[in-house]
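Just so it is clear: chains get the letters A, B, ... in the order the sequence lines come, proteins before strands, and each one is counted from 1.
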Amino acid sequence: MSTPLGSSMITTNGPKSRKTRGRWQTWLDIIRRDKRPAWGLAILLVFVVLAVFAPVFSPYSPTASSFSPFMGPSANHWFGTTASGQDVWSQFLYGGRISLSVGFASGFIATVLAIVLGMLPAYLGGWVDTIMATVTNIMLVIPGLPLLIVITAYVHQTGPLTIALVIGLTGWAWGARILRSQTLTLSRRDFVAAARLAGEHRWRVLVAEILPNMLSLVIANLVFATIGAILAEASLEFLGLGNPSAVTWGTMLYWADSGGALLNGAWWWIVPPGLAIALVGLSLALINFGVDQVSNPRLRLNRIKSKKHDKGVR
Amino acid sequence: MRFIGQRLGFLVLSLWAAATINFVLPRLMPGNPAVLMIGRFKGQLSARALHALELQFGVTHQPLWNQYLIYLGNLIHGRWGLSLTYYPVPVSKIIAQSLPWTLGLVGVATIISVILGLALGVYIAWHRGGKWDAVLPIMATFTAAIPYFWLGLILLFVLGYLWHWFPLAHAYSSSLSPSFTWTFISNMLYHALLPAMTIVVSSMGGWLLGMRNNMIQTLGEDYVLFGEARGLSERRLMVHYAARNAILPSMTGFAMAIGFVVGGALLTEVVFSYPGVGYQLLAAVQNEDYPLMQGIFLIIAFSVLVTNFLVEILYGKLDPRTRGGGIQ
């Protein structure tokens, strides 16, 4: 019972992987076989390092408007300058700090809510589950961005913290739905029944037996919620609904758009923040290819299987 | 039919939820934001309009329950209040003017994106391990992570400002007035092309990836193998046996996808100054025009919910298995 993940693998993998492997071993194996998650981790790490050590990499303050406006990229200003003469490279580095923190913070909030609102009711069952499932389904179909826009419009003075909270509090529905159905499946499994018959406490069964088996799903959810949050944050700030004086990738694009970057041909002002958002999103999605394989062993064997099948088909 | 009844019930429930969120939000916020707004417009509005605003946003001593009933009543009877930006034009009239633009843009772009995404997904799944299968999924993952508005800005910059291939803004040239003539319609399509392209590129990746995975799963089924053993043509096997069945699971994510696309379309409209509801929504937010903002939020939510309902009914028709299950 120490590695239920491994034991479930035996049933799906056939005789090939009969020996039970540790969870860490599984993760390592996947990274070794599939290069995509490793690439994802590498890209993400680059951005995190750039953001954390922003002062080391940039000689200027991100807000100081002490240079001539609309200078193209040069040795002094790698990414050129803005309309008000700020260094885009410095803004790009410092902007990553808030954008990434808000993204991960909201992703975390949304995931915790998804666990509490998805897993718990499913485990308890009864009318609590029925009501929560309906609420989740409703939250799922109400379009997210318009809701976010309306909420931030009411809140006024929306700093990064408020935005992180609002995005996290509205973005849990998808995860809750997935975790709910997985909880329902798992609580019918033999090992859960066995644990219960062995006299384990109800909550212990949930925390020690069911939750560890959903770890990869929870991480996948964290990854996706974070991608969504980074995009949502950038969208809100691009619309001018954040705090425009905070330097983030979103507000950079807001100022670029309202500062006439297009008219002045200042592509160096528009490209970096958007590309950063897209690359961070890509890196998280690549990491998720690995996480997916942990939760779904079928995907893991796909390579071998599909090769065999290809030979058969053609 | 029981299935339709069930979906209809969920539609009504979710419509009610959207309306209730709209009612609760301004009252829930610390230091009711409507008080500020009403203070700002005092003197500019007639006493009756001010009173109506106070009722609409809960700046009144009436019990909450009463306010709620009045609100729902007004909603159902189409009395969505007056816009403050365009005072005294009713909110419903502004929505009626801008909604067709959004519906047209999002509708056409979504259909193109779904068809392209599904077709490419089928193709690369069939030729998996091939050249395109190595490139397209990574590209799709990347485009799915691109912010809509950024892609819009880039397309606008390159194809609009640099190469002058496309107009820079608006839904049609200001020299024309809307009519059913070829000049106007071609001008309108010309203006819609770049925003539509933005939506298609950003939303296609999700469909492509989902379809590829489903298709690979379906290709492993026995009936595909059996069809092959019978010597069916590759095309028939790919389209009629595998793709048709693989499409069904793709559609389950439709509700999420359409909500996401609509959100992206709002941003795209802002970038291209396209006169749809997204553009109006932002203008309403910037002007603190809460009645217009509420109205637009409701109409967006309603459109998404109704579309989702229609797709689910269609889905139920296509796949009998879903009819019994209800909400899974």
Can you find a heavy atom in the side chain of [X] that is under 4.5 Å from one in the side chain of [Y]?
X         : Y         : result
Val271(B) : Asp257(A) : no
Leu145(A) : Phe260(B) : no
Leu28(B)  : Tyr154(A) : no
Arg36(A)  : Thr141(B) : no
Trp16(B)  : Ile138(A) : no

* **More than 12 heavy atoms of other groups within 6.0 Å of Phe92(A) CZ** => yes

* Contact class of Val271(A) relative to chain B, heavy atoms under 4.5 angstrom -> both

Which value, rounded to the nearest 0.5 Å, describes the distance between [X] atom [atom1] and [Y] atom [atom2]?
X         : Y         : atom1 : atom2 : value
Leu263(A) : Phe157(B) : CG    : CZ    : 10.0 Å
Ile151(A) : Ile21(B)  : CD1   : CD1   : 8.0 Å
Ile149(A) : Leu266(B) : CD1   : CG    : 5.5 Å
Asn137(A) : Leu13(B)  : CG    : CG    : 10.0 Å

* To do: Mind ranking Leu140(A), Val135(A), Leu147(A) by heavy-atom pairs under 4.5 Å with chain B and telling me who comes out on top?
  => Leu147(A)

* Taking Gly144(A), Gly265(A), Ala285(A), Ser283(A) one by one, which has the highest count of heavy-atom pairs under 4.5 Å against chain B? -> Gly265(A)

* If you count heavy-atom pairs under 4.5 Å with chain A, which of Leu168(B), Val304(B), Ile258(B) comes out on top? -> Val304(B)

* When you measure from the side chain of Trp150(B) to the backbone N and O of Leu253(A), does any donor-acceptor pair fall under 3.5 Å? -> no

* Check the pair Asn264(A) / Tyr161(B) against side-chain contact (heavy atoms from CB on, under 4.5 Å), numbers first and verdict last. => CA-CA 10 Å; Asn264(A) 292 283; Tyr161(B) 279 92; over 6 Å; no

* side-chain contact (heavy atoms from CB on, under 4.5 Å) between Leu231(A) and Phe149(B), worked out -> CA-CA 10 Å; Leu231(A) 281 175; Phe149(B) 58 90; over 6 Å; no

* Taking all non-hydrogen atoms of both residues into account, name the closest pair between Gln286(B) and Leu239(A) and its distance. => NE2-O, 4.1 Å

